[in-house]
Asker: 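This is the structure I want to talk about, given as structure tokens.
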Amino acid sequence: MKNKPRQLRIGVHYEPSNIDPHLGAAELALQMTNGVLDTLVNKTADGEYLPGLARSFSISEDQCCYRFTLRDDVVFHDGQAFDAHAVKVSLDRAHDPANRSQLAGGLLGPYRETRVINAHEVEILLDEPYALFLDALSQGWLAPVSPACIDGLGPNFCKHPIGTGPFRFERWDAGDCLIIRRNPDYAWAPEMVDNNGVAHLDEIVFKFISDDAARSQALRDGVVDAIFAANPADAAGFRANTDLCVTSWPIRGVPVSLMLNTKRHPTTDIEVRRAIAHGLDMDAIVSEIFSGEFIRAHGPVSQATLGYEPAVENLYPHDVDKARALLDQQGWVLEDDGMRRKDGQLLEVVFYALPVNFYPEIGAMVRSQLAAIGISTEVRLTNPREWIQAGMAGEHHLIPQGKYASSSQLLAFVYHSRRSADGNYGWSKRDASAYAVIDELIDAAETCTDKADFVPLFKQAQVEIMKAALCVPVHCNCNIVVQSKRVSGMKFDAIGAYPLFHDTKIDC
């Protein structure tokens, strides 16, 4: 009789549209496929870089040339050798505007080209210094993938990535699950894990269970062995279950924030934006919706993130009277129906929300709290594609947005004016001429590769972003993982979001 396969079943909260790391942007997609991928370098939570598929690297004096010496013992899942050509093809693919990368292309910053020196050495050239570059290369979004499979699979690659990780992509059953299976040839794990060889698990099955109650019940019934993004309201009950273990993994980066569109009336007016910031009681919103399991955010960087600036915590205390006074000063008259108007025009904002991540619940409380200061709020529930399009096109007044990152350096991706054009992730839609000091600080920080140099600049940038009222921070991202006590050794990367399954075991 054969031994029972060591299978780990994980319930996840939705089914992404694609799992191509270079072209997609869904965090869950990378959570499920991170085990399929390896990166050139690996980053620790304290900002240090360790070898990955690159044994070593050096940076030129002008910080525009990165030279990597690659491992010569790595093989892609399709049997092709990992080499310098694969690095070039992968980075060029992410960078090519024709491919419309949703995230990876932007992470590359001022990327110019990759030059193949020999089979196991590459030079990557930038047009200007970019402190985020190593951080970007440490993320699975820029992991090298097999050039042969890019060509062979064509558009189908978005549902069948081929990397070098400890697990191979097995299959994706639409509407049901995604499966990755152990790579029997794996022998090049990163230094931050204990197991350098073949994974302990035979396979991992990610079950798509969008309903929170159903996902929680699947764990209780033993249909799955673990769940990601557990409902905060269920956490206390899970902790009381002696067969389960609850772990809250803080996710570093840009917290979930209500981005305020500076290009669409009435949030073009900074005083209206400040009134919204003072009028919203985020302590109440986070406490009620997230059952005390999530931490309220105060600024454009979450508290667990390298470079967080505590000074942002006192800028917008909840103050309904101040919010009302600001609107009074701007000529928005409170009328008998409790709403404000100016020259006959209703003071109204549109809040775009996905039907996940508790965005509808946040929207409902925002609508109620803003009504108390005379602002009418329309909450529009959309699908992911419509939501992203709305943010990129600036169709919103308020829209929730957050980004995972290992340090405050990702501020540039959300708040630099170069990200604010149509089709980009700068959803405050700020022009370069508005609050120019933000760009100046970010530009200066992006020339610094040493955290002792860039952290002070990003700290100042956080304060300036809040003074400009570009967002109302809601909560710090957190992945509540609940697992059977038969499961052990699950870890997450420096960001806190993407699982490392090298050391994970399950007692059969």
Side-chain angles (χ1 to χ4, degrees), residues 18-27 29-30 33 36-41 43 49 52-54 57 59-60 62-68 70 76 82-117 121-155 157-158 161-164 388 392 403-406 409-410 412-414 416-426 442-443 446-447 449:
N18 83 76
I19 53 173
D20 186 326
H22 298 162
L23 305 188
E27 280 88 2
L30 189 56
T33 59
V36 174
L37 308 166
D38 288 312
T39 53
L40 287 179
V41 295
K43 190 174 184 179
Y49 291 97
L53 293 178
F57 65 88
I59 306 173
S60 63
D62 67 0
Q63 300 180 34
C64 291
C65 178
Y66 289 68
R67 189 178 182 113
F68 294 88
L70 309 177
F76 284 107
F82 164 73
D83 59 12
H85 173 68
V87 174
K88 176 176 174 57
V89 169
S90 296
L91 296 185
D92 285 351
R93 178 174 184 259
H95 181 254
D96 186 351
N99 290 328
R100 296 190 171 189
S101 170
Q102 294 180 16
L103 179 57
L107 289 177
L108 280 171
Y111 173 83
R112 183 192 304 168
E113 64 174 320
T114 298
R115 292 178 180 172
V116 174
I117 306 303
E121 283 192 289
V122 295
E123 282 186 349
I124 303 176
L125 304 182
L126 308 179
D127 287 327
E128 59 188 22
Y130 177 48
L132 262 176
F133 191 62
L134 286 177
D135 182 87
L137 294 181
S138 74
Q139 299 182 42
W141 306 111
L142 290 170
V145 297
S146 169
C149 284
I150 291 174
D151 294 336
L153 292 172
F157 190 88
C158 72
I162 304 295
T164 64
I388 289 175
M392 288 184 166
K403 286 294 168 191
Y404 298 171
S406 60
Q409 290 169 295
L410 196 71
F413 193 78
V414 177
H416 197 288
S417 65
R418 65 172 172 259
R419 302 294 184 192
S420 290
D422 284 353
N424 256 304
Y425 276 90
I442 292 175
D443 289 340
E446 287 190 336
T447 67
T449 56

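Worth saying up front: this structure is predicted, and the values here are computed from it rather than measured.
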Asker: In terms of relative ring orientation, are Phe68 and Tyr66 parallel, tilted or perpendicular, with 30° and 60° separating the classes?
Answerer: parallel

Asker: Under 3.5 Å, side chain of Asn99 to main-chain N/O of Ser101, donor-acceptor pair present?
Answerer: no

Asker: Ignoring hydrogens and angles, tell me if any N or O in the side chain of Asp38 forms a donor-acceptor pair with the backbone of Leu53 under 3.5 Å.
Answerer: no

Asker: Name all residues meeting the side chain to side chain donor-acceptor pair (under 3.5 Å) criterion together with Ser60; count only those two or more places apart in sequence or in a different chain, and write none if there are none.
Answerer: Asp62

Asker: Can you name the residues that form a salt bridge (charged side-chain N to carboxylate O under 4.0 Å, His left out) with Arg115, not counting sequence neighbours?
Answerer: Glu113

Asker: For the CG atom of Leu137 and the CG atom of Leu91, what is their distance to the nearest 0.5 Å?
Answerer: 6.5 Å

Asker: Arg112: which residues meet the salt bridge (charged side-chain N to carboxylate O under 4.0 Å, His left out) condition with it, sequence neighbours left out?
Answerer: Asp127

Asker: Considering residues at least two apart in sequence or located in another chain, which fulfil the side chain to side chain donor-acceptor pair (under 3.5 Å) criterion with Glu123?
Answerer: Arg67

Asker: Can you name the residues that form a ring-ring contact (aromatic ring centres under 6.0 Å, His included) with Tyr111, not counting sequence neighbours?
Answerer: His95

Asker: Looking at residues at least two apart in the chain, or sitting in another chain, which of them share a side chain to side chain donor-acceptor pair (under 3.5 Å) with Thr33?
Answerer: none

Asker: Just to verify, what does Pro147 make a side chain to side chain contact (heavy atoms under 4.5 Å, CB included) with, not counting sequence neighbours?
Answerer: Phe76, His85, Ala86, Val89

Asker: Which residues pass the side chain to side chain contact (heavy atoms under 4.5 Å, CB included) test with Ala29, not counting sequence neighbours?
Answerer: Pro16, Ile19, Ala26

Asker: Check salt bridge (charged side-chain N to carboxylate O under 4.0 Å, His left out) between Arg419 and all other residues, then give those that pass, not counting sequence neighbours.
Answerer: none

Asker: According to salt bridge (charged side-chain N to carboxylate O under 4.0 Å, His left out), does anything in residues 141-151 pair up with another residue at least two apart or in another chain? List the pairs.
Answerer: none

Asker: Examine Tyr425 together with Phe413 and report whether their ring centres are nearer than 6.0 Å.
Answerer: yes

Asker: Holding to side chain to side chain donor-acceptor pair (under 3.5 Å), I want the full list of residues that pass it with Ser90, two or more places apart in sequence or in another chain.
Answerer: none

Asker: For the atom pair CG (Leu103) and OH (Tyr404), what is the distance rounded to the nearest 0.5 Å?
Answerer: 12.0 Å

Asker: Taking salt bridge (charged side-chain N to carboxylate O under 4.0 Å, His left out) as the definition, give me every residue that meets it alongside Asp92, ordered by chain and number, with sequence neighbours left out.
Answerer: Lys88

